[in-house]
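Here's the structure we're looking at; comments come further down.
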Amino acid sequence: MFQEDPQALAAAEKASTIESGDYEAVITGVTVQQGRDGKAGSFVITWAIVDGEFEGCEYRQYLTLSAAAAGVRAAFYRNIGYVRPEDGAVDENDFIGKYGKPNLSNNDGSVKVNRVAKSSRQADEAAGGGSDADFGV
């Protein structure tokens, strides 16, 4: 018998009602998904909204690791304030706690992260303004 978690189900239902748009968020998790049949894998990035009605709601972004998408990754790194090491050895765990402003599109309850812009919180943090309590990071 499978025991459903009613709180997780309710949170997922609420998250599916968000309107399309840009939201302040923090990265709370990152994994690497391996590609199949010799294809490039992806970073699977978990974003959590940091304020408003949807605070705490999480959304996943899949950022391809293909060579052709280097420009997309470069923009992602820049917009979350990640400084890529000169040797190119990216540690995805260093993304955790970084702020961004993901653009979400909601297509009948299926929410997708399209792109990420710079967050105003990122600028505040860089200026020494601190951040919200670690927000579970």
Side-chain angles (χ1 to χ4, degrees):
M1 174 193 267
F2 176 74
Q3 180 63 44
E4 189 66 71
D5 179 349
Q7 290 178 325
L9 206 53
E13 276 298 315
K14 180 178 180 179
S16 72
T17 64
I18 197 167
E19 290 186 25
S20 297
D22 298 329
Y23 294 87
E24 292 284 340
V26 64
I27 297 173
T28 58
V30 183
T31 59
V32 177
Q33 183 179 58
Q34 298 301 318
R36 291 191 242 177
D37 301 324
K39 298 200 187 262
S42 298
F43 287 130
V44 181
I45 301 155
T46 302
W47 289 96
I49 304 299
V50 295
D51 52 22
E53 177 185 352
F54 293 92
E55 181 176 352
C57 289
E58 294 184 337
Y59 302 93
R60 296 217 176 11
Q61 175 183 16
Y62 295 85
L63 188 62
T64 182
L65 299 175
S66 75
V72 173
R73 286 190 308 281
F76 171 80
Y77 300 151
R78 182 175 54 254
N79 289 337
I80 67 167
Y82 176 73
V83 179
R84 184 184 42 79
E86 287 184 29
D87 66 1
V90 173
D91 182 352
E92 68 276 3
N93 294 309
D94 290 341
F95 302 166
I96 296 173
K98 298 281 188 189
Y99 288 92
K101 200 168 193 176
N103 173 268
L104 305 178
S105 61
N106 188 337
N107 185 7
D108 199 26
S110 177
V111 182
K112 178 182 175 188
V113 176
N114 297 308
R115 64 187 175 282
V116 177
K118 287 184 180 180
S119 165
S120 60
R121 291 175 187 257
Q122 182 189 101
D124 291 345
E125 199 172 275
S131 63
D132 290 349
D134 287 335
F135 200 77
V137 204

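- Side-chain contact between Ile45 and Leu63: present, with at least one pair of heavy atoms (C-beta onward) separated by less than 4.5 Å.
- When side chains are defined from C-beta on, Val72 does not count as touching Thr64, because their heavy atoms never get closer than 4.5 Å.
- Listed here is the closest heavy atom pair of Glu53 and Lys14: O-NZ, 2.7 Å.
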Might you work through the side-chain contact (heavy atoms from CB on, under 4.5 Å) test for Ile27 and Ile80, ending with a clear yes or no? CA-CA 9 Å; Ile27 297 173; Ile80 67 167; 4.1 Å; yes
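- Gln33 contributes atom CD, which lies 6.0 Å from atom OH of Tyr62 (distance to the nearest 0.5 angstrom).
- With rounding to the nearest 0.5 angstrom, the OG atom of Ser66 is 10.5 Å from the NZ atom of Lys39.
- Rounding to the nearest 0.5 angstrom, the gap separating the CG atom in Asp108 from the OG atom in Ser110 is 8.5 Å.
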Stepwise side-chain contact (heavy atoms from CB on, under 4.5 Å) test for Asn103 and Val113: CA-CA 6 Å; Asn103 173 268; Val113 176; over 6 Å; no
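- Between the side chain of Ser42 and the backbone N or O of Val44, no donor-acceptor pair lies under 3.5 Å.
- The side-chain contact (heavy atoms from CB on, under 4.5 Å) search around Leu65 returns Val32, Phe43, Arg73, not counting sequence neighbours.
- Applying the side-chain hydrogen bond (donor to acceptor under 3.5 Å, both in side chains) rule to Asp87 yields no partners; only residues at least two apart in sequence or on another chain are considered.
- Under the side-chain hydrogen bond (donor to acceptor under 3.5 Å, both in side chains) criterion, Gln61 pairs with Trp47, not counting sequence neighbours.
- When side chains are defined from C-beta on, Arg115 does not count as touching Pro102, because their heavy atoms never get closer than 4.5 Å.
- A centroid separation of 6.0 Å or more is found between the aromatic rings of Phe76 and Tyr82.
- The OG1 atom of Thr46 sits 4.0 Å away from atom CZ of Arg60, with the distance rounded to the nearest 0.5 Å.
- Between the Ser16 side chain and the Glu13 main chain, a donor and an acceptor come within less than 3.5 Å of each other.
- Between Arg121 and Asp51 there is a salt bridge, since a side-chain N of the basic residue sits under 4.0 Å from a carboxylate O of the acidic one.
- Under the 4.5 Å side-chain heavy-atom criterion for Ile, Leu, Val, Met, Phe, Trp and Tyr, Ile96 and Val116 are members of the same hydrophobic cluster.
- Between the side chain of Asn106 and the main chain of Val111, no donor-acceptor pair closer than 3.5 Å is present.
- The minimum heavy-atom distance between Lys118 and Lys101, with the atom names listed, is O-CB, 3.8 Å.
- Put simply, CD1 on Ile49 and CD on Glu55 are 10.0 Å apart, with the number rounded to the nearest 0.5 Å.
- Here the CZ-OG1 distance, from Phe95 to Thr28, works out to 13.5 Å after rounding to the nearest 0.5 Å.
- More than 12 heavy-atom neighbours from other residues, nucleotides or ligands sit within 6.0 angstrom of CG on Asp5.
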